[in-house]
Each structure stands twice: as C-alpha cells, then as structure tokens.
Chemist: 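Before I ask anything, let me first share the structure, which is written out below as structure tokens.
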Protein chains: 2
Amino acid sequence: MSTKRVTSHDVARLAGVSRTTVSFVLNNVPGMQISEDTRRRVFEAARQLNYHPDATARRMAAGQTNVIGFVLRQSHEQAFADHFMPQVLSGLSQAASAQGFHTLFEPIPPGDNSGTYLRLINERHADGIVLSGPRSDDEDLLKIRAEGAKVVLLGQLPDSDIPFVDVDNVGGACMATQHLIELGHQRIAMITNAPLAYTASTARLAGYRQALTLSGIQSDDRLVRYGNFTPQSGYTAMNDLLAQELRPTAVFVASDTVALGAVQAIRQVGLRVPEDIALVGFDDIPLAEFMDPPLTTIRLPALGLGFGGADLLIRLISGDEVNLTQIILETQLVVRDSSGANLSIRK
Amino acid sequence: MSTKRVTSHDVARLAGVSRTTVSFVLNNVPGMQISEDTRRRVFEAARQLNYHPDATARRMAAGQTNVIGFVLRQSHEQAFADHFMPQVLSGLSQAASAQGFHTLFEPIPPGDNSGTYLRLINERHADGIVLSGPRSDDEDLLKIRAEGAKVVLLGQLPDSDIPFVDVDNVGGACMATQHLIELGHQRIAMITNAPLAYTASTARLAGYRQALTLSGIQSDDRLVRYGNFTPQSGYTAMNDLLAQELRPTAVFVASDTVALGAVQAIRQVGLRVPEDIALVGFDDIPLAEFMDPPLTTIRLPALGLGFGGADLLIRLISGDEVNLTQIILETQLVVRDSSGANLSIRK
DNA sequence: CTATATTACTAACACGTGTTAGTAACTCGT
DNA sequence: ACGAGTTACTAACACGTGTTAGTAATATAG
C-alpha cells in the first residue's frame with residue numbers, strides 16, 4: 001500500500017530495455033521498429049508488475065488533459081427539476097468517453113459570481129467546457145473565449161458566434177400548437193414555462209404565435225400567461241385564464257411540470273380534460289405518461305443535446321475543421337390523451 | 001491564442017526573483033521569509049501576465065489529483081428514473097468543491113464488465129471513488145481495495161468492511177408501515193420497489209415486516225407482491241392483490257413510481273384512495289406531491305447521501321483518522337392525503 | 001569489399017510545478 | 001572584531017510520461 005508506484009522505468013528494467021522502448025511498445029507507436037521478442041518481454045513485464053501509466057504525467061507530456069468540463073449555471077432545483085439534465089449529462093459523458101475523454105462535473109453554486117468556472121480552463125483542468133444555462137451578460141465567457149478557450153453552449157445566446165447546441169424550442173412549440181389547431185381548436189391559450197427573461201420561454205412563445213399566424217388565427221395576448229417552472233405557477237395562471245369572460249378551449253402549457261398545476265386548476269372548477277379544455281405540454285417528463293389524463297407533449301432530444309455538445313466540443317478541441325458550429329435539434333410530438341386526439345368525436 | 005502558456009518562470013523573470021520565490025509567495029507558504037516589497041512585485045507580475053498555475057503540473061508535483069470519481073453502475077434509466085441521483089450528484093460535488101476537490105463523473109455503460117472504473121484509480125485520474133450501485137460479486141472492487149484504493153459505496157454490501165453511506169431503508173419502510181398501523185389498518189399489503197436481488201428491496205421488505213411484528217400483526221406472505229421499478233409493474237401487482245379473496249385495506253408500495261401504477265389499478269376497479277385502500281409510497285419523487293391524491297411517502301436524504309459520501313471519501317484520502325466509516329442516514333415520513341391521515345373520520 | 005539502407009533500439013530533453021537543502025548578506029551580542 | 005543567529009532568498013531535484021534526434025549493429029546493393 002505505501003509501496004511506491006510502478007513506473008515505466010520499473011517495467012523497462014525488468015524487461016531489460018530502455019524506458020523509451022517501453023513507451024513505444026505500450027502505446028503501439030506506428031513507424032517504430034521493435035522486434036517481436038522485445039515486444040513480448042515488455043508486455044510481460046508490464047503485466048507482471050501490474051503497470052498502469054500515470055494519467056497526470058501523461059497529460060503533462062501531452063499538453064492535453066483529455067477532460068471536458070460540464071458547467072451548470074442553473075440552480076440545482078431548476079436544472080434537475082425533471083429528467084432533462086441527467087439525460088444531457090448522460091449523453092455528454094457517453095460522447096466523451098467514446099472519444100477517450102473524461103467528464104468533469106462542475107455546478108456553480110447559485111449566486112456565485114466569482115466566475116469559478118474560469119479556473120477550469122485557466123488552470124487547465126479541462127481542454128474545454130460545455131456550458132449550460134448561458135447568460136448574455138456573462139463577461140467571463142467573453143473573456144475566456146477571447147483567450148482562445150474552447151466553449152460550447154447548451155442553449156443559444158442571441159447575436160453571438162459562440163458554438164452551441166440547442167433544442168428547437170420554436171419548432172416544438174409550433175408543433176404543439178398546430179396539433180391543437182388540427183383538432184379543431186381556435187381559441188388556444190398559452191402558459192409559458194418561465195418568465196420571458198429566459199430565452200427558451202421567448203422561443204416557445206414565438207413558436208406558439210407562429211402556428212397561430214400560419215393558420216390565420218389572430219394572436220391574442222389576453223390568452224397568454226406566464227409560468228415560473230412550478231406547478232403552483234401553472235395553477236395560478238390557469239385559474240386566471242378560467243376567470244376570463246371567454247374561456248379558451250385548449251391551452252398549450254410550455255412545461256409539463258407547470259401543466260400539472262394547470263390540470264388541477266381545471267379539475268377544481270369541475271371541468272374535464274380534454275373534453276372541456278384540451279392540453280398540450282412540453283418536455284415529456286417521465287411522469288407525463290402517467291398523469292391523469294396522460295399528457296400530450298413535446299419530447300426533447302435530451303440525450304442528443306448532451307451527446308452533440310460533447311461531440312462538437314471535442315471536435316473543436318481536436319482542431320478539426322468544423323463547418324457547422326451552431327446546431328439545433330428537432331423535437332418530437334408525443335400524442336397522448338390530454339389533447340383529445342384519441343376522443344372518437346369532437347363537437 | 002497560439003502563444004505559449006504563461007509559467008511561473010515568466011512571473012519570476014518579470015518580478016526579478018527566482019521561480020521558488022514565486023511559488024512561496026503565491027502559495028503563501030508558512031514559515032518562509034519574504035520581504036513585503038518582493039511579495040508585492042510577485043503579485044503584480046502574476047496579475048500583469050494573467051498567470052494561472054497549471055493544475056496538471058501541480059498534481060504531478062503534489063502526487064495527488066484532488067479529484068474524486070463518481071462511478072455509476074446502474075443503468076441510466078434506473079439511476080435517473082427520478083430526482084434521486086441528480087441530488088446525490090449535487091450533494092457530492094458540493095462537498096467536494098468545498099474541500100477543493102473536483103468531481104469526475106463516470107457512468108458505466110450497461111453490460112460493460114471490463115471494469116473500466118479501475119482505470120480511474122489505477123491511472124490516478126482520481127484519488128478515490130464513490131461507487132453507486134455496488135454488487136457483491138464485483139471482483140474489481142475487492143482488487144482495488146486490496147491495492148489500497150480509497151472507495152466509498154453508496155448503498156451497503158452485506159458482511160463487508162468497505163466504507164459506505166446508505167439510506168435507512170429498513171427504518172423508512174418500518175415508519176411507513178407503522179403510519180398505516182396507527183391509522184387503524186390491520187390488513188396491510190406490500191408491493192416492493194424491485195426484485196429481492198436488490199438489497200434495497202430486501203431491506204424495505206424487512207422494515208415492513210418489522211413494523212407488523214412490533215404491533216403484533218401476523219406477517220402474511222400472500223400480501224406481498226414484487227414490483228420492478230416501473231408503474232406497469234405496480235399496476236400488475238396491485239391487480240393481483242385486488243383479485244385476492246380478502247382485500248387489504250392499505251398497501252405500502254416501496255417506490256413512488258411503482259405506486260403510480262398501483263393507484264391506476266385501484267381506480268380502475270372503482271375503488272377510492274384513501275377511503276377504500278390507503279397508500280404509502282417511498283422515495284418522495286418530485287411529482288408525489290402532485291399525484292391524485294397527493295402521496296404520503298418516505299423522503300430520502302439524497303443530498304445528504306452524496307454529501308456524506310464525498311465527505312467520507314475525502315477524509316479517507318486525507319488520511320484522517322475516521323472512526324465511523326459506515327454511515328446510515330435517517331429518512332423522513334411525509335404525510336399527504338393517500339394514507340388517509342387527513343380524513344376526518346375512519347370507520 | 002565498401003557504401004548505403006535498414007533494423008532495433010537508447011540518451012536526453014520537455015512539460016510546469018512543489019519543495020528541500022543550502023547560501024550569501026546582514027544584524028546583534030559580547 | 002568575531003562567532004552566532006536571522007533574514008531573504010535561490011539552485012537543484014523530484015514527479016512520470018511522450019518524443020526527437022541519434023547510434024550501434026546488421027543487412028543489402030554495386
């Protein structure tokens with residue numbers, strides 16, 4: 001236990017060759033002439049001593065860490081409120097490990113403006129970072145970018161050339177709304193997932209309006225309410241909508257979690273989903289399937305988002321010529337019962 | 001961008017001192033006599049050159065990585081089926097970063113028996129690992145332990161002296177069952193969260209039986225069914241229970257996710273929760289609060305589990321004398337409506 | 001038989017830090 | 001004026017690898 005670490009030097013000695021030869025054999029360096037006999041002796045010595053090259057020394061020599069950092073700017077509650085982030089993380093580390101990279105997980109404590117994630121790249125803990133929850137006013141981000149740091153964002157920043165991977169929020173919201181339109185609804189309300197300070201909220205609202213416009217329906221701001229991540233906010237928003245003189249026949253709620261509260265509000269006034277009010281959510285959280293009624297919603301390519309982010313970042317790190325550095329991933333409509341698509345007749 | 005990295009050598013030159021002095025000043029090494037003037041010059045030079053010490057070189061010199069690995073053995077679906085793992089991860093990295101450690105996230109692809117996580121410690125990517133989802137038949141685990149690797153398990157291994165942090169499954173299940181007993185139930189069934197191959201399942205079943213025994217109720221195996229993580233399995237198991245000649249008046253379902261299916265089954269035969277059948281779940285998933293009816297359940301100290309695991313591991317790494325290496329964290333009963341505790345009268 | 005090419009290696013440097021042992025210069029007590 | 005102690009540093013080594021340039025020994029060609 002307290003015995004010294006086995007180094008390539010030890011292997012060399014046992015095999016009766018130089019350390020250089022050991023390196024050549026074990027790394028299988030192409031173009032190096034090594035006799036079959038020596039090769040065998042080195043392998044045998046390494047096996048016998050249970051030799052494992054030291055990753056730190058290797059990094060030092062290579063000038064590369066083979067590590068990517070995953071920086072989480074959102075608060076824990078927000079990031080892990082649903083299935084989403086874990087899946088992103090999973091996709092990320094899958095892509096990383098497929099290319100021989102490791103993943104450093106670095107959540108930023110809420111309210112920490114000291115720019116701790118700068119250290120990740122300044123001190124070379126990682127070769128690059130995937131940054132989730134970017135903010136436009138992030139000066140640190142611009143700074144390290146200017147210094148040549150490799151960064152990929154998860155989510156977009158308006159008017160920026162920083163590489164990113166994002167989910168097609170506009171397209172998804174449009175799809176959700178069109179689904180309701182196709183089912184015959186004309187008076188369709190919307191409850192956002194969060195305040196409009198969040199780009200995703202703005203995008204989903206834009207998609208909703210786009211769908212209405214495409215079908216020639218007048219967009220009416222009195223039918224738009226603002227959620228705030230929580231079921232409570234959905235409950236409040238829906239009550240507000242129900243109190244209107246002209247009740248909507250369908251609501252697009254841009255977050256399944258928020259939709260949960262909306263359903264409760266509808267039930268509480270004695271109305272039924274989807275018979276009286278049809279509902280489409282967004283996110284496809286794991287329990288959407290088991291809600292009462294099962295929620296029609298938009299599924300996000302969470303795994304793909306993480307995978308794509310890591311993949312893009314690693315290509316940037318490797319210095320490959322990357323022609324497409326801003327990627328938008330398609331969403332998918334999952335039809336269940338809450339939208340009324342499975343009702344035999346619509347009046 | 002392609003300009004060379006700023007090293008402590010550069011700082012030394014600019015400040016007109018040796019590299020050693022730079023190291024003494026910047027690391028504030030105690031007992032070293034440095035004049036106030038020199039000290040200032042070094043700080044100024046470092047600031048001016050925007051110097052950041054290279055983490056890799058530092059590790060090499062220190063012989064320590066200041067990194068802990070978080071190894072996930074469960075499949076993604078299983079690990080992230082609910083809020084649990086993300087919270088563990090969050091607690092873990094909080095504890096780590098509080099002590100100057102970074103967190104390497106290393107999920108093991110399902111079906112990968114090549115023992116990839118061995119490399120984490122063999123190649124010194126990390127000073128130690130927190131291993132989630134340990135298996136008794138894991139030879140790799142015993143091997144690296146024998147070589148002196150620092151390992152902390154999340155979850156217990158029977159008859160082992162390996163340090164671990166775990167949730168009190170027995171106590172939690174006992175508490176859940178006692179809650180039902182206190183509400184007047186005598187004929188209490190149980191649906192497990194998973195097959196008994198999983199230690200957590202066995203422990204929860206033991207807790208259920210313990211509670212019955214303590215109250216002098218005869219434990220009846222015909223009232224026990226086995227879930228399999230999913231709502232579907234809960235649906236099936238509950239239907240099976242309902243088909244019995246003598247229906248239980250209450251059921252302890254050792255997983256909220258499984259309980260979801262159980263509720264559906266009960267509803268489908270026209271019975272009510274909790275009036276006809278009372279229900280207590282386990283895990284307190286985020287949506288338990290919003291189920292219909294809101295689910296009484298056992299809340300797990302997920303954050304504390306991660307935090308405790310990292311903390312214990314780092315203490316082991318630091319060589320501190322640790323007197324308690326096997327830690328069990330208490331759970332908490334969250335009373336909502338599904339258990340009938342809020343009904344005014346019980347018949 | 002000699003010049004050249006090939007084979008099979010190795011010596012030495014680079015990566016950037018932390019740290020131990022040592023050394024001038026300067027102060028101080030006697 | 002001299003030895004001892006203090007102050008303020010520095011030279012040199014260690015950490016463990018990857019890699020470039022070079023070198024003997026052997027094979028091949030003319």
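The model shown is predicted, which means the values in this text are computed figures rather than measured ones. Chain letters run A, B, ... following the sequence lines, proteins first and then strands; every chain starts at 1.
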Chemist: If you measure only the distance, is there a donor-acceptor pair under 3.5 Å linking the side chains of A/E147 and B/N50?
Modeler: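 A donor-acceptor contact under 3.5 Å links the two side chains.
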
Chemist: Output yes when A/D54 and B/R124 qualify as a salt bridge under the 4.0 Å nitrogen-oxygen rule, no when they do not.
Modeler: yes

Chemist: Looking at every non-hydrogen atom in both residues, tell me the closest pair between B/A310 and B/I68 and how far apart they are.
Modeler: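 Scanning both residues, the minimum pair turns out to be CB-CD1, 3.9 Å.
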
Chemist: First and last nucleotide of DNA chain D in contact with chain A, 5' to 3', at under 4.0 Å to a heavy atom: what are they?
Modeler: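 Reading along DNA chain D, I get D/dC15 to D/dT20.
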
Chemist: Using only atom types and a distance under 3.5 Å, with no angle test, would you say the side chain of B/R119 pairs donor to acceptor with the backbone of B/H125?
Modeler: no

Chemist: Classify the nucleic acid contact of B/T21 as base, sugar-phosphate or nothing, counting any heavy atom under 4.0 Å across all strands shown.
Modeler: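 Here B/T21 touches the bases of the nucleic acid.
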
Chemist: Go nucleotide by nucleotide along DNA chain D from the 5' end; which of A/R58 and B/R19 gets its closest nucleotide reached first?
Modeler: B/R19

Chemist: Between the side chains of A/Q99 and A/D311, does any donor sit under 3.5 Å from an acceptor?
Modeler: yes

Chemist: Please list residues of residues 23-33 of chain B whose heavy atoms come under 4.0 Å from any atom in DNA chain C, ordered by number; otherwise none.
Modeler: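 Of all residues in residues 23-33 of chain B, the ones placing a heavy atom under 4.0 Å from DNA chain C are B/S23, B/F24, B/N27.
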
Chemist: If you measure only the distance, is there a donor-acceptor pair under 3.5 Å linking the side chains of A/T20 and A/S23?
Modeler: no

Chemist: Check every strand shown and say whether B/T56 touches a base, only sugar-phosphate, or nothing at a heavy-atom separation below 4.0 Å.
Modeler: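 Nothing, no nucleic acid heavy atom in range.
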
Chemist: Heavy atoms, side chains only, cut-off 4.5 Å: are A/L316 and A/P163 in contact?
Modeler: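 The answer is yes, as the side chains (C-beta and beyond) meet within the 4.5 Å cut-off.
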
Chemist: Answer with base, sugar-phosphate or nothing: what part of the nucleic acid does A/T20 contact at a heavy-atom distance below 4.0 Å?
Modeler: base

Chemist: So, A/Y117 and A/D138: side-chain donor and acceptor under 3.5 Å apart, yes or no?
Modeler: yes

Chemist: Quick check against the 3.5 Å criterion: does B/T56 have a side-chain atom that pairs as donor or acceptor with the backbone of A/T56?
Modeler: no

Chemist: So which one's nearest nucleotide on DNA chain C is more toward 5', A/M60 or A/R39?
Modeler: A/R39

Chemist: Report which part of the nucleic acid B/R59 touches: base, sugar-phosphate, or nothing (heavy-atom distance under 4.0 Å, all strands).
Modeler: nothing

Chemist: With DNA chain D as reference, determine whether B/A57 or B/T38 sits nearer its 5' end, using the nearest nucleotide of each.
Modeler: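 Nearest nucleotide further toward 5': that of B/T38.
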
Chemist: For a quick check of understanding: with a heavy-atom distance under 4.0 Å over all strands, which category does B/T7 fall into, base, sugar-phosphate or nothing?
Modeler: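 If one applies the 4.0 Å heavy-atom cut-off, B/T7 turns out to touch the sugar-phosphate alone, with no base involved.
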
